[in-house]
Amino acid sequence: MDMKGQIALEYLLIFFILIIILSVISIPLLLDSLETSKDVTTAIETKSFLVEVEKNVKLLYALDVGSKRSLSIYVPCDIKLYCNNNYDKHYLSTTLQLSDNSKKTIKVEVPCDVSFSGYINNHYVSLKKSWYYNTEIKWYTSSNGTRSINVNFK
């Protein structure tokens, strides 16, 4: 080989080695950032879902006993939705499993006790990622006089 051919081959070899090194470094970083952005998107969509339910619960709470509201709502991922009580405050909450196997709890405060699926003592519900059409939110009064707002995902 002459001198010019040798130099061109060395430049090609260096170029390919640099591309391999850059891809080994940048591809894992890119995948991590994609997983992180997916986690952030899911958390924001879940928070939006909880705020939508909270907004309608507050509206019915203000309207008084016997009120009822139907709406269509989107659940962004498979979740278990809970109503928790903590020092006379009520919260709707769920826990998300993130891509790095850590957990993030998302919660919103509601003005009263919330039950699910038409049962006054049912304080959690499992939901699949889907549109829930004709979701019904209404006041419930049990036979012993206990009142709560019930959310029924249909």
Restricting to non-hydrogen atoms, name the atom on [X] and the atom on [Y] that form the minimum distance, rounded to 0.1 Å.
{"X": "Arg69", "Y": "Leu60", "value": "CB-CD1, 3.5 Å"}
{"X": "Pro111", "Y": "Lys58", "value": "CD-CG, 3.6 Å"}
{"X": "Trp139", "Y": "Gly66", "value": "CB-N, 3.5 Å"}
{"X": "Phe116", "Y": "Tyr82", "value": "CE1-C, 4.3 Å"}
{"X": "Lys129", "Y": "Asp78", "value": "N-OD1, 2.7 Å"}
{"X": "Ser102", "Y": "Asp100", "value": "OG-OD1, 2.6 Å"}

For the [atom1] atom of [X] and the [atom2] atom of [Y], what is their distance to the nearest 0.5 Å?
{"X": "Leu92", "Y": "Leu50", "atom1": "CG", "atom2": "CG", "result": "6.5 Å"}
{"X": "Ser117", "Y": "Asn152", "atom1": "OG", "atom2": "CG", "result": "5.5 Å"}
{"X": "Leu18", "Y": "Leu22", "atom1": "CG", "atom2": "CG", "result": "6.5 Å"}
{"X": "Asp113", "Y": "Cys83", "atom1": "CG", "atom2": "SG", "result": "5.0 Å"}

(message) Is any side-chain heavy atom of Trp131 closer than 4.5 Å to one of Val75?
(response) no

(request) Test side chain to side chain contact (heavy atoms under 4.5 Å, CB included) on Thr94 and Thr105 and set out the steps. (result) CA-CA 6 Å; Thr94 187; Thr105 301; over 6 Å; no

Please check this pair: side chain of [X] against backbone of [Y], looking for a donor-acceptor N/O pair closer than 3.5 Å.
{"X": "Asn150", "Y": "Lys138", "value": "no"}
{"X": "Asn56", "Y": "Glu52", "value": "yes"}
{"X": "Ser72", "Y": "Asn134", "value": "no"}

Same cluster for [X] and [Y] if Ile/Leu/Val/Met/Phe/Trp/Tyr side chains link at under 4.5 Å?
{"X": "Leu71", "Y": "Leu63", "value": "no"}
{"X": "Leu29", "Y": "Ile21", "value": "yes"}
{"X": "Tyr132", "Y": "Val51", "value": "yes"}
{"X": "Tyr74", "Y": "Val53", "value": "no"}
{"X": "Ile19", "Y": "Leu30", "value": "no"}

(request) List the steps and the verdict of side chain to side chain contact (heavy atoms under 4.5 Å, CB included) for Cys77 and Leu96. (result) CA-CA 9 Å; Cys77 59; Leu96 295 178; 3.7 Å; yes

(request) Tell me, with the steps shown, if Leu81 and Phe153 meet side chain to side chain contact (heavy atoms under 4.5 Å, CB included). (result) CA-CA 11 Å; Leu81 182 59; Phe153 296 94; 4.1 Å; yes

Would you be so kind as to tabulate the donor-acceptor pairs closer than 3.5 Å made by side chains of residues 84-91, with sequence neighbours excluded?
unit_1	atom_1	unit_2	atom_2	d
Asn84	ND2	Ser93	OG	2.7
Asn85	OD1	His90	ND1	2.5

(request) Go through the steps for Tyr61 and Val110 under the test side chain to side chain contact (heavy atoms under 4.5 Å, CB included), then give the verdict. (result) CA-CA 9 Å; Tyr61 183 76; Val110 291; over 6 Å; no

(request) May I ask you to decide whether Lys68 forms a salt bridge with Glu136, counting only side-chain N to carboxylate O separations under 4.0 Å? (result) yes

Counting only pairs under 3.5 Å, give me each side-chain donor-acceptor contact of residues 35-44, with atom names and distances, residues two or more places apart or in other chains.
unit_1	atom_1	unit_2	atom_2	d
Thr36	OG1	Asp32	O	2.9
Ser37	OG	Ser33	O	3.3
Ser37	OG	Leu34	O	2.9
Asp39	OD1	Ser99	N	3.3
Asp39	OD2	Ser99	N	3.1
Asp39	OD2	Ser99	OG	2.7
Thr41	OG1	Ser37	O	2.8
Thr42	OG1	Lys38	O	2.9

(message) For Ser26, give me all partners under side-chain contact (heavy atoms from CB on, under 4.5 Å), at least two apart in sequence or on another chain.
(response) none

(request) State, without any angle test, whether Ser115 and Asn122 hold a side-chain donor-acceptor pair at a distance under 3.5 Å. (result) no

